[in-house]
Amino acid sequence: MSEKEDETSGLYKVGDPPHIHIGFDKNQLMLKTFLLMSIIAYASVMVMGIQALFHILIALGTVLIVHGTMDSYQKWRGIKPTYDSPASPLVAGMIVGLCMPIAAPYLVTAVVAFLTMFVFKYMQGKYFDHKYLNPAATSKSVLFLALAGVFRFVDSEIAARVYHPHHQELDLLSAEGFEGAMWIFRGETVPLLGAEVSATQGLFFWQTHGWIGGASGVVVLIVGIVAAYWLRYKWRIILSTLGTMTILAVGTGLYLGGDPLLRVAFHVFTGSVIFMAFFMATEPQSTPMPENSQYIFGISLAILTFVLQIYNVVGGSLYALVIMNMATPLLDMIVIKSPYGHRESKGGG
Amino acid sequence: MLEEKEHVHHFKENGGFEVDIRMKLESIDDPFTEVPPSDEMTVFLNQHIGPEGDPLVKKGDEVEYGEKIVDFGGKGKMCVPVHSPVNGEVKGYASVRHPLSGGKERAIIIETEDEEKEPCYEPLDPKEASRKELLERVKEAGIVGLGGAAFPTHVKLGEENISHLIINAKESDPNLASDVRLMMEKPQWLIEGIKLMGHILDVEDITFATRTEEGETPEFEELLRDNDVRIKRVRPNYSVGSERLLVKEVLGKEVPSGEFPPQIGTIVHNVATAYATAKAIKEGESLVSRGMTFYSKKTGGKNLWTRMGTSIEHILEYVGVSQVEFERIALGSIMMGPTIPDPSYPVLKATSGLTVFTPEESDPYEEEKPCIRCGYCNTVCPVDIYPQMIMKAEEKNDIKRLQSLNVLDCINCALCSYVCPSNIRLTPYLERAQNKIRKKKG
Ligand code: SF4
Ligand code: SF4
């Protein structure tokens, strides 16, 4: 028998399958998220006015400056740029703009945007294998904690506009306290319609206080559902967060008093909950992968948020989110879903 | 066309994907044409799952079409013989890189003398032949599963206590259409094969699981109905055609992890295998040729009847394209086919297709980005495992974690890579992870 050796010319490139891709990539995901959030931004400017636009533009401008600077630096040093398109920075900037309270000074918005982009996106990505903490939530939490500390010792106007000291006096547990605190959401006259809104209507449709992104809870809800379905967000987190908040709100209303519908409107439709649930709590890197862990994440996030909200902690939902982000590596270990072939004994079913 | 259309909103949770089958539909209309054998045929000794047999020929021997050139030897029931695809002369043996295993394996080189095709074995009358004789013929004719796995067919047909036979005509691959063509062009042979399989297994409950819609293969479907074969139209999701998922789809039962369908009294055979079985028994044909789909953006889909051992360069020439036009060639489907570095590689028993790419159709996974933990991969995984976590555990060589992530249950469908927005090709990680666990288990 004669044996001859294989002589392959290596004419073709070799590689593992598959050889086709869905054609939808990270940049498109970010860009579409940005475009959808722009609808919320538009509604916010309509409701809250030009000030909301300034916050959003300042946040976007700041992240783009940081991104541009870092991108040039990385190219100059011959390092592969972290972002091959401005889509992800734009989303970060938009989130910062929309998660700021309308009363916050513009400087605070710029600082939060800077921290988000530089520290919690670029640096966190550089020094860790992925982003464990939601960049915008952590930046805002860190800054708010710092300002809260400042406010304890110094009578600072900036700190006061962020920290809202009068919140400390609110009693959101009792029926009277809760209903009394809701005055801030009622009485607005909606342009064109010329009608005055009740507190419940205000919280659903036309909110001129609080987070810019929550100006119209209904718009966030609709855009959020479209985004979650279209872009396949981690919908279990949204569902469990909002579902738990609703149950807690109704339960509190029934047991402790306060119109349950108004409680749902307040506890679910303020920007710090509804915007956070759709666009921050689903941030992929800092949230769990297993489906059941996502439910645990959402339920825990809602409980923490509710408790902090009831006890008047300003920025409570973001502290809750950061805490849950920290619990994510642990939640990732809980792979409860049984794969095919493990679910039924002896193949019955 | 190989258009990468955006379908993000189409992917489904828990088992499947509404894959774009326009490429397949484009290929269906092209009838089979027979590719003449190449001047030199490269016939691997091993073309199936199982040990390599013993060669029966030496350099200078004259061989006939269909003649057995590799025998079982004493290597157990998983060994399958190999036959000469042509009348010709044995030029010798070569050590050639095997397109599937990636390692160098022995192949017999045969110089083709003519294109005659006279079956080597005597036809058998299924009414008179015993079950043992029929099984022996299937084994002797070298029949293996033609859906891609190349599992010895006689082993599956030899199972006892089987109550359900599923004929798999799902043909999930988005660009292959040779199974449908068989249903259109050879309905009588297919029905014979299905009946023979049922007869050998002593099974009356037969399901024909197909992607095709009512009216796509009317003649064949009428034959199925006339012969009491139940037609199950399977949802078009991509990986439902995998044997394990198909069992669930048809019977609503899962095959236990690490086991095979016979464990739950079921056998799944590919539709093309049924055809080969019928030809082996009723005409004495050994398995030396098969239907396959050639797909390129330039030519569209072409269904070819090709002999095993035919070189890819010969097929390229046959369909009228030049080998230098292409940058990548996948042996099989666009989703699962391994690539080959050279056009001299031959068609194997398991080669159900050939997908070729020009340099303009660049590898979509070339520009891999960091994982964003979006969870698309585990959302789409049809067996409900966590490819991203497996990738991370594999990188850290964390065997314990890999075991807890059930990586051995992966059916290698590649859907996770297909949907990854960071263009990460997860398949190599999964394969390495599986190998690590198998190695640990010994
Ligand atoms: S591997 Fe791809 S699909 Fe899976 S989580 Fe990471 S980015 Fe998403
Ligand atoms: S290749 Fe494996 S891990 Fe990936 S989707 Fe298919 S079965 Fe799941």
Side-chain angles (χ1 to χ4, degrees), chain A residues 1-30 32 82 84 88 125 129-131 229-234 283-291 294 332-333 335 337-349, chain B residues 4-9 58-59 92-97 104 244 252-257 263-264 326-330 334-343 355 357 363-364 369 372-376 378-379 383-386 388-389 405-406 409 414 417-419 421-423 425 427-428:
Chain A
M1 278 183 213
S2 76
E3 294 262 340
K4 71 169 183 179
E5 273 300 296
D6 177 24
E7 289 154 16
T8 49
S9 63
L11 186 63
Y12 303 128
K13 278 191 184 171
V14 288
D16 292 286
H19 311 288
I20 185 171
H21 184 261
I22 194 167
F24 182 79
D25 69 12
K26 186 175 155 178
N27 290 334
Q28 291 179 46
L29 172 65
M30 291 298 154
K32 285 180 178 165
T82 308
D84 58 358
S88 177
D129 62 346
H130 71 267
K131 296 182 196 83
Y229 176 74
W230 189 35
L231 303 174
R232 290 287 189 261
Y233 289 177
K234 291 177 179 169
E283 195 277 324
Q285 302 222 27
S286 52
T287 50
M289 300 275 292
E291 292 77 356
Q294 289 172 19
D332 265 349
M333 301 302 284
V335 181
K337 195 162 78 170
S338 295
Y340 178 104
H342 294 254
R343 295 183 274 237
E344 300 154 4
S345 60
K346 296 200 165 92
Chain B
E4 286 156 13
K5 219 177 148 238
E6 182 201 318
H7 278 289
V8 67
H9 51 291
K58 59 182 185 311
K59 186 180 176 188
Y93 286 77
S95 177
V96 186
R97 204 167 292 282
K104 286 200 172 177
R244 302 173 77 77
K253 292 179 184 174
E254 290 189 359
V255 181
S257 179
Q263 170 86 9
I264 57 167
F326 302 105
E327 186 181 71
R328 286 174 298 136
I329 293 194
I334 199 162
M335 284 297 273
M336 290 173 77
T339 49
I340 51 168
D342 183 273
T355 311
F357 305 88
D363 180 2
K369 299 179 193 89
I372 55 166
R373 292 172 47 89
C374 61
Y376 285 7
N378 54 278
T379 298
V383 294
D384 289 335
I385 59 174
Y386 295 87
Q388 188 270 358
M389 292 187 184
L405 289 167
N406 303 300
D409 291 300
S417 313
Y418 181 62
V419 299
S422 293
N423 299 63
R425 199 175 242 132
T427 34

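Every chain is numbered from 1, with letters handed out A, B, ... down the list of sequences. All values below were derived from every heavy atom in this structure, side-chain atoms included, with hydrogens, water molecules and symmetry-related copies excluded.
Checked against side chain to side chain donor-acceptor pair (under 3.5 Å), B:Ser257 has the following partners two or more places apart in sequence or in another chain: A:His342, B:Asp409. The salt bridge (Lys or Arg N to Asp or Glu O under 4.0 Å) test applied to A:Lys13 returns B:Glu327, B:Glu366, not counting sequence neighbours.
For the atom pair OG1 of B:Thr379 and CD of A:Glu291, the computed distance is 6.0 Å after rounding to the nearest 0.5 Å. The CD1 atom of A:Ile22 sits 12.0 Å away from the OG atom of B:Ser417 when rounded to the nearest 0.5 Å. Note: B:Cys374 SG to A:Glu283 CD = 11.5 Å, rounded to the nearest 0.5 Å. In this structure, B:Lys369 NZ and A:Asp25 CG are separated by 4.5 Å, a value rounded to the nearest 0.5 Å. Note that NE2 of A:His19 is 6.5 Å distant from CZ of B:Arg425, once rounded to the nearest 0.5 Å.
For A:Asp84, the part sitting under 4.5 Å from any heavy atom of chain B is the side chain, from C-beta outward, and nothing else. Proximity to chain A is limited to the backbone of B:Ile340, based on heavy atoms less than 4.5 angstrom apart. Proximity to chain A involves both the backbone and the side chain of B:Asn423, based on heavy atoms less than 4.5 angstrom apart. At a 4.5 Å heavy-atom cutoff, the contact between A:Thr287 and chain B is made by backbone atoms alone.
Residues B:Val255 and A:Tyr340 have side chains in contact (heavy-atom distance under 4.5 Å, counting atoms from C-beta outward). At least one side-chain heavy atom of B:Pro343 sits under 4.5 Å from a side-chain heavy atom of A:Tyr12. Counting heavy atoms from C-beta on, the side chains of A:Pro290 and B:Met389 come closer than 4.5 Å. Using a 4.5 Å heavy-atom cutoff, the side chains of A:Arg232 and B:Val419 are not in contact. At a threshold of 4.5 Å between non-hydrogen side-chain atoms, the residues B:Thr427 and A:Pro18 count as touching. Here the side chains of A:Ile20 and B:Thr355 are not in contact, with every heavy-atom distance at 4.5 Å or above.
Between A:Lys337 and B:Asp384 a salt bridge is recorded (basic side-chain N to carboxylate O distance below 4.0 Å).
Heavy atoms only, all atoms of each residue included: B:Arg373 and A:Lys234 are closest at O-NZ, 2.8 Å.
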